[in-house]
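Given the structure is predicted, the values throughout are model-derived calculations rather than measurements. Below, each value reflects all heavy atoms present in this structure, side chains not excepted, and no hydrogens, waters or symmetry copies.
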Amino acid sequence: MTTEFAVETTELPASRSPAALAERAVGQAVEIAAGVLVAVETAILFGGVVSRYVFHRPFTWSDELASILFLWLAMLGAVVAYRRVEHMRMSALVNNAGPRRRALADALALAAGLAFLALIMHPALEYAIDEAMIVTPALEVPNIWRAMALPVGIALMLLLGVLRIGRSVQPADLALALAVVVAVAAGLWLLKPALAAIGNYRLVVFFVLLVGAAVLTGIPIAFAFGLGTFAHLALTTRTPLTVVVSRMDEGMSHIILLSVPLFVFLGLLIEITGMARTMVGFLASLIGHVRGGLHYVLLGAMYLVSGISGSKAADMAAVAPVLFPEMKARGVKAGDLVALLSATGAQTETIPPSLVLITIGSVTGVSIAALFTGGMLPGLVLALTLCAVVWWRYRGEDLRHVRRASAGQIGRALVVALPALVLPFLIRAAVVEGVATATEVSTIGIAYSLAYGVIAGFVFRDRIEWRRLWPALVDTACLSGAILLIIGTATAMAWALTQSGFSRQLAAAMTGLPGGAVTFMAVSIAAFVVLGSVLEGIPAIVLFGPLLFPIARIVGIHEVHYAMVVILSMGIGLFAPPFGVGYYAACAIGRVDPSEGIRPIWPYLLALLVGIVVVAAVPWISVGFL
């Protein structure tokens, strides 16, 4: 979280100062453009599905136009996230510091971001101009129309960052932070001869010490990756710096990743239309009367909702507000609630259409359809281990005041929930049967959810808050931009590591481990638990997936099996205190103090670890239905 500071002025309040007015005007214009792009991308891809599957007359230009607009959506979404201070960062250490240190950390985050944006601005413009010579095959327009999204987005973030000075960050703090950035840059410049002399050990300086220090001090992860990569290439190689931008472009504009904003939007839609509420209601009527029943409902609801939204934040936000009040009324402590919510967040990371599955497929080349098929059983195995903990904890729960639902009540709840229960199966069937690609299938879910919302308003007299639709579009762009900018800078960083020969050295070291595949799998589990807590899920996957998946194939591990183990391990790190960002997101959604859930969560995390060991030891769980 970022601390806001008001600026004292003798003329105008901060909210009416020229800088504030300019920042608001630019921000609102970008939000409008980003929200419209989400809606347009949805319409284009859904139109492509209808034209191809219904009318058998596919649009030859739809994918190309979607790709052009996607880069603009990614960059404008990143601008929205930058304005809202919602780019992913490791904030655990910063939040535990005092107010003064938090203010300095926020100033350093702003200074480092401005430094990276300023450094990358000219290469981005040069890259866009070079792309003018390329003409797209279907629309026959110069590729500069797509590539200009990069310098425009960077320029807008620079502008918003400058306008933030004196409002969210004090000028004196920013001056000190800029001095730190300049001092680090000067020190690295003076060390150029020494860095050249130590060979690949310089990678430790740039990608461990520099990037690690930046992440730990709360600098947004995307900017930390970008600064480390830029510094490495600029100071120790003769590589043109436009390569950084081209790698960012490659990472951000992969057409498979277009499903990220669409599934995020779908996740928000199922909450707006009440679909998640109806599923939870049905499960509660079915097993809410047994000991620990609502805990089982939470597990089942997260399993089902994950199959729709693909976003852990959307999953938790859809389920927790429905269940938590009744669970608290039954005497369950708030810490226990948020502990289980966090554990289910980790447990459902492999449930399709998880954004992590889509990301890992895009960066490693593993079939998205195979990942979708392989992800169901591993999540179920971990659900069973969590159920065992729930049974043990609540085997003596007093439910004398809880009434068992009648058969009629269960039947009515099923009728109301049936359209929502069908959606996960509809999404998976559309991919498996070839009706739509993994990118397009989310648009089917969006159209289905909108139709459900309209029909529910007439049939069930359920008032849908359609005014929340526009904020959902903007929120989708914001979260997607934050994710995609990380993927872009992580792709550039992974390329730099690969070109340095690090990937070959890593492969040699890992394949030479005693114990072969067993040791490699054990090391991978430990590594991704740590990486998941430090880097969050998607950055860890983007950075290390392309390096480790080829090694897994060499030692004889099926790539889908390895993907499931890696994702689940990363999920434990992501939702484990004290560093796991997912844990704090669950606390925020449940409105629970993080300290209350730290002790109750450990039995759940241990159960998850046992489940991961079972999944790792039995490959059939992941690949048996491929």
Side-chain angles (χ1 to χ4, degrees), residues 78 88 112-113 115-124 126-127 130 150 154 181 184-185 187-189 191-215 219-254 257 359-360 362-365 483-510 527 531 534-536 538-551:
M88 296 179 186
F116 172 68
L117 294 169
L119 289 169
I120 208 71
M121 182 67 210
H122 182 265
E126 187 177 352
Y127 172 75
D130 290 342
L150 290 159
I154 291 168
V181 172
V184 172
L188 291 173
W189 178 268
L191 287 173
K192 280 182 68 176
L195 292 171
I198 62 176
N200 266 359
Y201 287 106
R202 64 178 178 261
L203 299 177
V204 176
V205 175
F206 292 102
F207 298 123
V208 177
L209 299 180
L210 180 60
V211 172
V215 170
I219 293 171
I221 293 173
F223 298 145
F225 284 0
L227 283 170
T229 305
F230 192 96
H232 168 68
L233 295 179
L235 296 176
T236 65
T237 74
R238 296 181 179 179
T239 304
L241 295 177
T242 52
V243 169
V244 178
V245 183
S246 68
R247 295 303 96 183
M248 287 176 61
D249 181 4
E250 179 186 8
M252 296 173 69
S253 58
H254 200 298
L257 291 176
T359 303
I360 209 169
S362 71
V363 300
T364 64
I483 292 172
L484 293 167
L485 188 62
I486 286 179
I487 292 176
T489 54
T491 300
M493 186 171 167
W495 179 88
L497 287 169
T498 301
Q499 293 301 112
S500 69
F502 171 76
S503 59
R504 292 190 299 272
Q505 296 170 358
L506 179 65
M510 295 291 280
L531 290 171
V534 175
L535 294 180
E536 300 190 28
I538 289 176
I541 289 294
V542 174
L543 188 56
F544 290 95
L547 301 178
L548 294 179
F549 271 72
I551 303 172

Any chance you could measure Met248, atom CE, to Thr489, atom OG1, to the nearest 0.5 Å? 6.0 Å
To the nearest 0.5 Å, atom CG of Leu203 lies from atom CG of Leu209 at 11.0 Å
Do the non-hydrogen side-chain atoms of Thr229 and Phe207 ever get within less than 4.5 Å of each other? yes
How about Phe225 and Val211: do any of their side-chain heavy atoms sit closer than 4.5 Å? yes
Measuring from atom OG1 of Thr242 to atom CG of Leu233, what distance do you get when rounded to the nearest 0.5 angstrom? 10.5 Å
All heavy atoms of Leu235 vs all of Trp189, minimum pair found to be CD2-CE3, 3.4 Å
Tell me, do Val184 and Leu210 make a side-chain contact under 4.5 Å, heavy atoms counted? yes
d(Ile486 CD1, Met493 CE) to nearest 0.5 Å is 12.0 Å
Among Leu241, Ile154, Val243, which one satisfies side-chain contact (heavy atoms from CB on, under 4.5 Å) with Pro123? Leu241
Ignoring hydrogens, what is the shortest heavy-atom contact between Ile219 and Ala224? Give both atom names and the distance. CG2-N, 4.1 Å
Do the rings of Phe223 and Phe116 sit parallel, tilted or perpendicular, given the 30° and 60° boundaries? tilted
side-chain hydrogen bond (donor to acceptor under 3.5 Å, both in side chains) involving Glu250 - partner list, sequence neighbours excluded: Arg247
Verdict with reasoning, Leu150 to Ile120, per side chain to side chain contact (heavy atoms under 4.5 Å, CB included): CA-CA 10 Å; Leu150 290 159; Ile120 208 71; over 6 Å; no
Taken in chain and number order and not counting sequence neighbours, the residues that satisfy ring-ring contact (aromatic ring centres under 6.0 Å, His included) with Phe549 are Tyr562
Quick one: list whatever passes ring-ring contact (aromatic ring centres under 6.0 Å, His included) with Tyr127, sequence neighbours left out. none
